[in-house]
Protein chains: 2
Amino acid sequence: MSVFAGQGDPTVSMTLLWATPEPGRARTAPGPKPALSVEAIVEAAIAVADAETVAGLSMRTVAERLGRSSMALYTYVPGKAELLDLMYDRVHAELSHDHDRGEGWRAAVTSWATELRAFYLRHPWVLQVSHARPVLGPHEQAVLETLLGLLVETRLPARTLRGVVNLLFNHVRGSSQTVAESQQAAVTTGTSDQDWWAARAAVLAEVAPDFAERFPRTVELGRDPAPSWDQQVEETFMTGLSVLLDGIEAATAHASPRDGKAD
Amino acid sequence: MSVFAGQGDPTVSMTLLWATPEPGRARTAPGPKPALSVEAIVEAAIAVADAETVAGLSMRTVAERLGRSSMALYTYVPGKAELLDLMYDRVHAELSHDHDRGEGWRAAVTSWATELRAFYLRHPWVLQVSHARPVLGPHEQAVLETLLGLLVETRLPARTLRGVVNLLFNHVRGSSQTVAESQQAAVTTGTSDQDWWAARAAVLAEVAPDFAERFPRTVELGRDPAPSWDQQVEETFMTGLSVLLDGIEAATAHASPRDGKAD
DNA sequence: TCCATCTCCTTACGCCATAAGCTATCGTTG
DNA sequence: CAACGATAGCTTATGGCGTAAGGAGATGGA
């Protein structure tokens, strides 16, 4: 299984991904007409993954949803790895590329990050797919291009920009992953996040009564909490993002000190 | 399988984790003496995971390494999820807690981040374990406490500090994950990272000849590359970290503008 | 000595991805 | 129109996985 797949045969995956719809071929094919299509399979697989988490995504569950046997899928898709590649890129088509740049790059990037986060929370399984060797599908590619578009006015050199882009993706992905995993754990275990933490705290008090002495700063970190758990998570994300943007601002100042911030 | 486990029974895991070595019990037990121990199993499991990647970690492979059958492990450990919890915490014991604070928090945090990154690259499977509902073992806890210790002199309020800590972990984890996944993919597929990218670029050129027109900024992002791939990755990490630290510095200024940076 | 207890084993179940080979369908060609 | 050959989707089988169930043998205390 290897949840962090994304390692289908590059050639196959990419051909399927960027597929111009098969110019020559088709039409003159003997044999029964295909009742399915790569498209339909990918769609069904996404539906399954959204609903059941990535662990519940199997060739069988996808095929069942389409009223076929699992082996039928192999006519259209070489294997599960390639299917994941296709799902991954396809789902990225949901993201928009027209963030308002009128109020400066800070606001625009914030909008981008917020949307991306919501996207990851809608499709948590996306975070389980490796992005080390990106599928390089058109839709995923567009997300990066869009972000770069929002950052042009910072005029950062490529080397700095690579660091910044990485940082942004890591923050959004990491923050989303925490939430996504929490939510999923809540479903799997049947315990709400709050209950879970309460239970864990109780056990901890029993098993490590000296916790507060050993980890005083950690305890202190819990001070001044947001009114609700959800708000706390949200706040942590936004605070981090804001700090990050401050960092970018500082970097623009380093890069072109004589321009200042004027454009 | 469910690679992103970390969801063993909280009580069980935590009891095992913080275990004072079983005060009452022991000694007076009939039956054969245990030939294994939780300790030995965890150690073996870590060795397997380090060597074989998390996908190669199964109860069978761990047991084999110890010359036992897989079911023998269940005498010591309730299941794989709990075993992962134990491995996760145990391996964090490798991290040090005496970063030099003499040259200010920037240097200290950089040292912390660098060490943590190296740690993740030594034990890539750690990144596959969910940190949404942390195991709350002593060694993992200590990592957070240590970081907080390095950040005290920033005097950031708890709310900001939560954002900053999150940001730092996300950056280190995210950056490490990319590298780790690359390395693993290199092993699994037998293609080096460089070859893989070359192959993918070739396919891309064939399948999407208009790439440069559609994604001009992405192309531009590749300008001015570091001399080697490894250096590029390293540089991206360090640049991001530096931007991030600039952001923290800015936050300290916001928080207590009249103090300035003096302490 | 006997027995309760404990370790470790074998066996089995229900998942998973997917290899192999069959059947039924259908466009094409004689 | 019949026969052919390509094709879609099926059944079956293989070798993995985590782990439930229950049996065999060892061992300390009664």
By nearest atom, which of the nucleotides [options] is closest to the [X] side chain?
| X | options | value |
| --- | --- | --- |
| A:Ser70 | D:dG9, C:dA17, C:dT18 | C:dT18 |
| B:Pro34 | D:dA8, C:dT7, D:dG18 | C:dT7 |
| B:Tyr76 | D:dG9, C:dC8, D:dG18 | C:dC8 |
| A:Ser69 | D:dG18, C:dC8, D:dT11 | D:dT11 |

message: Measuring centre to centre across the rings, with the benzene-like ring taken for any Trp, is B:Trp112 within less than 6.0 Å of B:Phe169?
response: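 When the ring centroids of B:Trp112 and B:Phe169 are compared, they turn out to be within the sub-6.0 Å range.
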- request: Measure centre to centre between the rings of A:Phe237 and A:His171, then say whether the value is under 6.0 Å.
  value: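 Centroid distance A:Phe237-A:His171: below 6.0 Å, so yes.
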query: Any idea how B:Trp229 and B:Trp197 line up, ring-wise: parallel (<30°), tilted (30 to 60°), or perpendicular (>60°)?
result: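 The arrangement is tilted - the two ring planes meet at 30° to 60°.
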task: Indicate the ring-plane relationship of A:Trp125 and A:His123, choosing parallel, tilted or perpendicular according to the 30° and 60° boundaries.
output: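 Rings of A:Trp125 and A:His123: perpendicular, as their planes differ by over 60°.
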Please give, in whole Å, the distance from [N] [atom2] to [X] [atom1]?
| X | N | atom1 | atom2 | answer |
| --- | --- | --- | --- | --- |
| A:Met59 | D:dG16 | CE | P | 20 Å |
| B:Lys80 | D:dG16 | NZ | P | 15 Å |
| B:Glu52 | D:dC17 | CD | C1' | 15 Å |
| B:Arg68 | D:dA24 | CZ | P | 20 Å |
| A:Leu73 | C:dA19 | CG | C1' | 15 Å |
| A:Leu36 | D:dA8 | CG | C1' | 10 Å |

task: Can you measure from CG (B:Leu83) to OH (B:Tyr74) and round to the nearest 0.5 angstrom?
output: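 Separation between the atoms: 9.0 Å.
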Between CE on residue B:Met59 and CZ on residue B:Arg68, distance to nearest 0.5 Å: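 Result: 14.5 Å between the selected atoms.
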message: It should be established whether A:Tyr74 places a side-chain nitrogen or oxygen under 4.0 Å from OP1 or OP2 of nucleotide C:dA17.
response: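 It does not, given that no N or O in the side chain of A:Tyr74 lies less than 4.0 Å from OP1 or OP2 of C:dA17.
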query: Using a cut-off of less than 4.0 Å, is there contact between a side-chain N or O of B:Thr75 and OP1 or OP2 of C:dT7?
result: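 It does not, given that no N or O in the side chain of B:Thr75 lies less than 4.0 Å from OP1 or OP2 of C:dT7.
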message: Tell me whether A:Thr61 contacts the main-chain N or O of A:Leu57 through its side chain, where contact means a donor paired with an acceptor under 3.5 Å.
response: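 Pair absent, no side-chain N/O of A:Thr61 close to backbone of A:Leu57.
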- prompt: Between the base of D:dG18 and the side chain of B:Arg60, is there any donor-acceptor pair under 3.5 Å?
  reply: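 A donor-acceptor contact between them is present.
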Is there any protein nitrogen or oxygen under 3.5 Å from a nitrogen or oxygen in nucleotides 20-26 of chain C, and what are the pairs?
{"from": "C:dT25", "atom 1": "O2", "to": "A:Pro32", "atom 2": "N", "distance (Å)": "3.4"}
{"from": "C:dC26", "atom 1": "O2", "to": "A:Gly31", "atom 2": "N", "distance (Å)": "3.2"}

